[in-house]
Amino acid sequence: MTAKIAYDEVEVGTELPAQTFPVTRATLVRYAGASGDFNPIHWNEKFAVEVGLPDVIAHGMFTMAEAIRVVTDWAGDPAAVVEYGVRFTKPVVVPNDESGALIEVSAKVAAKLDDQQVRVDITATSAGQKVLGMSRAVVRLA
C-alpha cells in the first residue's frame with residue numbers, strides 16, 4: 001500500500017480534513033487492556049484527583065494515536081508516515097458520563113521536503129485547550 005495523495009498536487013498550506021474523536025471511560029478501559037497501561041490516573045477518579053489531576057485523563061499515547069489518524073486517513077496509508085512526534089501540553093480530561101470528552105484534530109501541510117515528503121503540522125485540542133504541542137509528521141506521498 002502506498003500514499004494515495006500525489007506530492008505534486010499538494011501545496012504548502014493545504015488543509016487536511018479535520019476530525020473529532022470521542023473518548024469515554026469505556027474507551028480508556030479498552031485502550032488500557034490493549035496497551036497494558038493500567039495506570040490508575042486513566043480509570044480511577046479518586047486516585048487521579050488525589051495526585052492533583054482534575055479527573056481521569058486519557059493516555060498520552062492514545063491522544064497521540066488519535067491525532068495522527070487525520071494524517072493517515074488523508075494520506076491513505078499509515079506506512080506513509082515516516083516520522084511523528086509531539087509534546088504533551090495538557091491532558092484530555094474524561095468525565096464519567098455518557099459524553100466523555102472530544103479530541104478535535106486539524107492539520108495542514110507546513111513544508112514540502114525532498115524525496116516526495118511533506119511536513120504536516122497537527123493541532124489537537126480538547127475542551128478548548130491545546131493538548132499536543134509541536135505535533136508534526138513527515139509523510140512520504142505518491
Side-chain angles (χ1 to χ4, degrees), residues 1-45 47-49 51-142:
M1 196 172 187
T2 60
K4 294 182 169 120
I5 304 294
Y7 178 84
D8 293 335
E9 296 175 8
V10 174
E11 299 296 329
V12 171
T14 298
E15 293 187 13
L16 284 59
Q19 294 186 51
T20 300
F21 302 99
V23 186
T24 64
R25 295 280 178 95
T27 308
L28 299 181
V29 169
R30 285 192 299 275
Y31 182 81
S35 69
D37 181 352
F38 293 100
N39 186 324
I41 64 173
H42 303 304
W43 58 269
N44 184 320
E45 186 173 334
F47 183 85
V49 171
V51 298
L53 295 168
D55 205 333
V56 164
I57 63 170
H59 303 72
M61 297 303 284
F62 172 82
T63 303
M64 189 176 174
E66 291 292 76
I68 197 66
R69 287 176 58 189
V70 167
V71 177
T72 59
D73 288 354
W74 170 74
D77 179 10
V81 176
V82 296
E83 184 178 319
Y84 178 42
V86 306
R87 283 193 186 151
F88 300 106
T89 56
K90 298 277 184 189
V92 174
V93 178
V94 183
N96 191 18
D97 59 22
E98 61 282 341
S99 300
L102 296 174
I103 302 171
E104 299 171 290
V105 183
S106 61
K108 69 178 178 178
V109 175
K112 290 186 86 169
L113 310 171
D114 295 332
D115 196 26
Q116 303 291 100
Q117 296 181 65
V118 296
R119 189 187 89 218
V120 177
D121 290 353
I122 304 162
T123 302
T125 62
S126 184
Q129 295 196 343
K130 196 171 183 182
V131 295
L132 299 177
M134 298 293 292
S135 185
R136 297 180 175 162
V138 175
V139 184
R140 181 169 290 113
L141 300 178

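In this chain, residues are counted from 1 in sequence order. This one's a predicted model, so the numbers in the text were calculated from it and none came from an experiment.
In this structure, Ser126 contributes its side chain and Leu102 its backbone to a donor-acceptor pair below 3.5 Å. Side-chain N or O atoms of Arg25 include none that pairs as donor or acceptor with a backbone N or O of Asp97 at under 3.5 Å. Side chain of Trp43 to backbone of Leu28: no donor-acceptor contact under 3.5 angstrom is found. Judged by distance alone, the side chain of Asp37 and the main-chain N or O of Asn39 form a donor-acceptor pair under 3.5 Å. Looking only at distances, a side-chain donor or acceptor of Tyr7 sits under 3.5 Å from a matching main-chain atom of Leu113. In this structure, Gln116 contributes its side chain and Ala142 its backbone to a donor-acceptor pair below 3.5 Å. A distance-only check finds a donor-acceptor pair linking the side chain of Lys112 to the backbone of Val10 [under 3.5 Å].
Using a 4.0 Å cut-off between a side-chain N of Lys or Arg and a carboxylate O of Asp or Glu, Lys108 and Asp121 do not qualify as a salt bridge.
Note: Tyr31 and Phe62 have perpendicular aromatic rings, judged against thresholds of 30 and 60 degrees for the angle between ring planes.
Taking each heavy atom of Thr89 and Leu132 in turn, the nearest pair found is OG1-N, 3.4 Å. Listed here is the closest heavy atom pair of Val12 and Ala110: CG1-O, 3.5 Å. When all heavy atoms are compared, the tightest approach of Tyr84 to Ala67 is OH-CB, 3.6 Å. Nearest approach of Val82 to Arg140, heavy atoms of both residues: CG1-NH1, 3.5 Å. Asn96 and Glu45 make their closest contact through CB-OE1, 4.1 Å (heavy atoms, listed as atom of the first residue, atom of the second, distance). Heavy atoms only, all atoms of each residue included: Gly60 and Phe88 are closest at O-CE2, 3.1 Å.
A heavy-atom distance below 4.5 Å is not found between the side chains of Val138 and Val81. A heavy-atom distance below 4.5 Å is found between the side chains of His42 and Ile57. Counting heavy atoms from C-beta on, the side chains of Val105 and Thr20 never come closer than 4.5 Å.
A side-chain donor from one of Gln19 and Asp73 sits under 3.5 Å from a side-chain acceptor of the other.
Residue Lys90 places its NZ atom among 12 or fewer non-hydrogen atoms of other residues, nucleotides or ligands, all under 6.0 Å distant.
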